[in-house]
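Computed from a predicted structure; not experimentally measured. When reading the values below, keep in mind they use all heavy atoms of this one structure, side chains included, and skip hydrogens, waters and symmetry mates. Order of the sequence lines sets the chain letters (A, B, ...), proteins ahead of strands, with each chain counted from 1.
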Amino acid sequence: MSESTRYQPQAIEERWQQQWQAEGADATPVLNGSGDARAFYALSMFPYPSGNLHMGHVRNYVITDVIARVQRMRGCRVLHPMGWDAFGLPAENAAIERGVDPGAWTDRNIASMRAQLQRLGLSIDWNREVATCHSAYYRWTQWLFLELLQAGLAYQKDATVNWDPVDQTVLANEQVDSEGRSWRSGALVQKRKLRQWFLKITAYADQLLDDLPKLEGWPERVRTMQANWIGRSSGAELSFPVIDDDGRETGDTITVFTTRPDTLFGVSYVVLAPEHPLVARLTASEQAIPVEAFCDLVSRQSEQERTAEDRPKRGVPLGAWVRNPASGERIPLWIADYVLADYGTGAVMGVPAHDLRDFAFARHYDLPVRRVILPEGSEEQSLEGVAWTEPGVLIHSGRFDGLSSSQAKTAIAAAAEAEGWGRARTTYRLRDWLISRQRYWGCPIPVIHCESCGVVPVPAEQLPVELPRDVAFSGKGGSPLAQLESWWRVDCPCCGAPARRETDTMDTFMCSSWYFLRYSDPHNTALPFSREAVDAWLPVDQYVGGIEHAILHLLYSRFFTKVLRDRGLLGFDEPFARLLTQGMVQGITYKNPQSGRYIAPADVADPSDPRDPGSGEPLEVFYEKMSKSKHNGVDPAVVIGRYGADTARMFILFKAPPEKDLEWDDADVEGQFRFLQRLWRLVEGAVDRGLSLAAPHGPGGIRADSTTLVPDPASFSPADRELRRAVHTAIAAVSDDLEGDLQFNTAVSELMKLSNAMGEHLAAACEPVAQEALRSLLLLLAPFAPHLAEELWCQLGAGEAGSIHRQCWPVVDPAALVRDTVPLVIQVKGKVRGSLDVPADADRDTLEKLALASEIAAKWLEGKAPSRVIVVPGRLVNLVP
RNA sequence: GCGCCCGUAGCCCAACCGGUAGAGGCAGGUCACUUAAAAUGACCCCAGUGCGGGUUCGAAUCCCGCCGGGCGCACCA
């Protein structure tokens, strides 16, 4: 083989990337509203510009790129943009550590990552690129904040908030995991009382929950996670009046939240959180010392200690009493560590007979257990010593006796409402979104604090409020903005008096909650986006990104969309119609179980018997998310340098289904490269034999821009038929894999099958059939390996019909799939006993007759007639004796 | 504790509505080509679907119970 015909991906890929860029091949088509072509919006979650592309990015963007390319070939006008989630702490930390300007640092990273992305051959329209840290963008983030402010959805309040001691800023609840650690730094967060800005996402809690079932194109588990996070819980608020020793009401009231108002008559005590505001006032003097000691003890415990699963529940009586509003009973008031101040009302009613926690608490402190719910058809005595937490029928509940739990819930809430001691109430786990950050590198919150006018929004025409340059980054003493008096000292836009600019910046999740809207109209200088553009392109048809945003970004973006809809800025309810959450890319990881040290794969001499290069101890081998500290990362640039972008793309698509974790394996990458080489040789061989997709040489040929096959099917040889069947089977299978459930892994394997079949039959096929096969193979390959497909397309002389990426997706010819005979499996009593070749179009009766007449039947039925015959046309006949 | 997902060949992964368990790849083996090796090509080897029951003419697929792995939520009243 001569040098010139070797597959050399680097040269090919670079050449085509330059050409596509020169032609503007990836520009977004204009939407003219005439409806002649459907709009399709393919979107990847935009990256933080760390400067380094990692395999997770590659997987994300390649998946989206394949979708975009297929939709283009299907005739859609496709929007496939990219941008940068460019505010955030790494830039500011670089400024503190190395004295570089955060803006310049970020821009350099963007440039370098953009180049790395372009090397992957992604069909992205770079003219629509956005970076959230550029004032042309964050001007509109500020504008949208003012919209929220005007809508009453942005407000300030003093609150106990999560403080990240490493990143030196507060965090939203969503950004702290269940172990109380920061999503970014991993530090244990601390509680601080601060005045902060919040967005009233709770006002949309019901919509955010109730619209989840509409998101049919989302993974079930993401919807479940959001539902859990919102945590709607229906019940009632019930008020227990505080009474003195003589049973007179003191005027104070304890309001509890309960999901079980039906158990009201079973209340044997009421418990407050130790932080409840009424604790101090209600504590009897003789209980003051133990109560104070208990509160002190609880306050010194960390959140984690306090909420640990199986710790015993502790409490102290206040020496005060309340009256059950329904039964009139006198009930003791307690405080206990298992009641949380910030959920519900910070007070609960204790019903030991019907709640496991209350039961444990009552046992420990010898409080009475009163059964008021009886399981349907059960005896009261049978429930000694357990808490019945399921619904049942009410007993010992006065006028509510005999009602079912569900009837009683409604009836008791209604009675409470009518008599003024309570009401039906729904609570949520979801809290308002804390968006203030005490850091420099974020979007400034565009308000001014004035002594006399209060909080004054910066007038829209004065936006953007730009971040100051030439800031000193000491990393100490709080936000750099708060230390820059020349920046925060302003005049009040209302009264002109000296005032103070807000020095907190916004959570970066604000910037990413609307970027997908901006792509529809990225150069608009009058508005964040026009209503026409946003309604024409959105909702996003296919969103692709990591599961780590299941709650965070995806919930915030849904919230923004609903708010902007209510403000009349857009006309849809949900931003993302379909969501694909791609799995992690994992690297092979070697760990010494003795020392706990991670060993780089390069230092492992014999992978079949991995040992610590220092001590010789055997190593553990497993796959884990790629990271520097574990020495298990694979640099995309290295892979592309060695094999080319097409191999990297094909491998990553082929190795695992997109939503599953992918185990990186160098041997498999090699295998993928060999497949592309095989394709190269296949086409080279065809070119050498004079095959071409240029204008037809004679009658019967097909042109590159034609989808019809001219010659008479009757003239096809068996090889022609075999080849055509393989071609059209592949078209059908690949098309199917790219529709609905996206299964790129099986699509690639279909391409391999087709190339195997072509290797077998191409040489024997007639020219038009061979042309059809080559043409179809390259068209199917084009979204996956765009450079190689384009190159081979041109080598076959089809370039005159234009880029392969502008061609139509191939169409299945059902006639090519038809077979004369098909194998029919003969089962006897469900066991496979043999098979027959039968006419493909045979009906049930014929199949039954053929089966019964077969030697297989004769042998296994021993002459007896079967009692039952099951016929599955095209598959099998089952004879049951 | 509650809820969800996953267990198929040495490995990664397929298998439409229940219908012959294997498409594709990796690894391994044999042969051909070669002075030799690499590369390439041809062929081959390998599981009865985590375990136990059930439904069915027929179960990887549906149901029940376990085991193993992963994820989410969790004193939420």
Next item on the list: Pick base, sugar-phosphate or nothing for A:Ser835, based on heavy-atom distances below 4.0 Å to the nucleic acid.
Entry: nothing
Check: Under 3.5 Å, is there a donor-acceptor pair between the side chain of A:Arg314 and the main chain of A:Val298?
Finding: no
Margin query: Counting distance alone, no hydrogens or angles: does the base of B:A23 have a donor or acceptor under 3.5 Å from a partner atom on the side chain of A:Ser749?
Written below: yes
Check: With nearest nucleotides of RNA chain B determined for A:Arg868 and A:Glu670 from heavy-atom distances, which residue corresponds to the more 5′ nucleotide?
Finding: A:Glu670
Notebook entry, point to check: When rounded to the nearest Å, what value does the distance between P atoms of B:U61 and B:G70 take?
Noted result: 24 Å
Notebook entry, point to check: Reckon A:Phe675 touches a base, only the sugar-phosphate, or nothing at all at heavy-atom distances under 4.0 Å?
Noted result: nothing
Item checked: Nearest-angstrom distance from the residue atom CD1 of A:Ile826 to C1' of B:G58 -> 14 Å
Check: Base, sugar-phosphate alone, or nothing: which one does A:Val832 contact when heavy atoms must sit under 4.0 Å apart?
Finding: sugar-phosphate
Next item on the list: Round to the nearest Å and state the distance from A:Met225 atom CE to B:G3 atom P.
Entry: 18 Å
Checklist line | Nearest-angstrom distance from the residue atom CG of A:Asp661 to P of B:G70 | finding: 12 Å
Note to self: Give me the distance, rounded to whole Å, that separates B:A9 from B:G52 when you measure between the P atoms they each carry.
What the structure shows: 16 Å
Note to self: Would you measure the distance from the P atom in B:C51 across to the matching atom in B:G18 and give it in whole Å?
What the structure shows: 22 Å
Margin query: Regarding A:Gly671, tell me which of base, sugar-phosphate or nothing describes its non-hydrogen contacts under 4.0 Å with the strands shown.
Written below: sugar-phosphate
Note to self: Using only modelled atom types and a 3.5 angstrom limit, is any donor from either the side chain of A:Gln827 or the base of B:G19 paired with an acceptor on the other?
What the structure shows: yes
Note to self: At 4.0 Å (heavy atoms only), tell me whether A:Pro657 reaches a base, stays on the sugar-phosphate, or touches nothing.
What the structure shows: sugar-phosphate
Item checked: Whole-angstrom distance between B:C5 and B:C46, as gauged at atom P -> 36 Å
Checklist line | Passing candidate, side chain to side chain donor-acceptor pair (under 3.5 Å) with A:Arg232, options A:Thr426, A:Asp206, A:Thr427 | finding: A:Asp206
Margin query: Both A:Glu663 and A:Gln677 contact RNA chain B. Taking the nearest nucleotide for each, which residue is further toward the 5' end?
Written below: A:Glu663
Checklist line | Length of the line joining A:Leu824:CG and B:U20:C1', which is rounded to integer Å | finding: 11 Å
Next item on the list: Using a 4.0 Å heavy-atom cut-off across all strands, classify A:Val348 as base, sugar-phosphate, or nothing.
Entry: base
Check: Given the P atoms of B:C26 and B:U40, what is the spacing between them in whole Å?
Finding: 10 Å
Check: Starting at CG of A:Leu264 and ending at P of B:A77, how long is that distance when rounded to a whole Å?
Finding: 17 Å
Notebook entry, point to check: Touch check for A:Thr224, heavy atoms < 4.0 angstrom, all strands: base, sugar-phosphate only, or nothing?
Noted result: nothing
Next item on the list: Answer with base, sugar-phosphate or nothing: what part of the nucleic acid does A:Gln743 contact at a heavy-atom distance below 4.0 Å?
Entry: sugar-phosphate
Check: Whole-Å distance between B:C6 C1' and A:Leu662 CG?
Finding: 17 Å
Check: What's the verdict on ring pair (Phe, Tyr, Trp, His ring centres under 6.0 Å) for A:Tyr643 and A:Phe651, showing C-alpha distance, side-chain angles and the deciding distance?
Finding: CA-CA 11 Å; A:Tyr643 301 105; A:Phe651 164 76; 9.5 Å; no
Next item on the list: Report the distance from atom CE of A:Met650 to atom P of B:G25, rounded to the nearest whole Å.
Entry: 12 Å
Notebook entry, point to check: Rounded to whole angstroms, how far apart are CG on A:Leu679 and P on B:U40?
Noted result: 13 Å
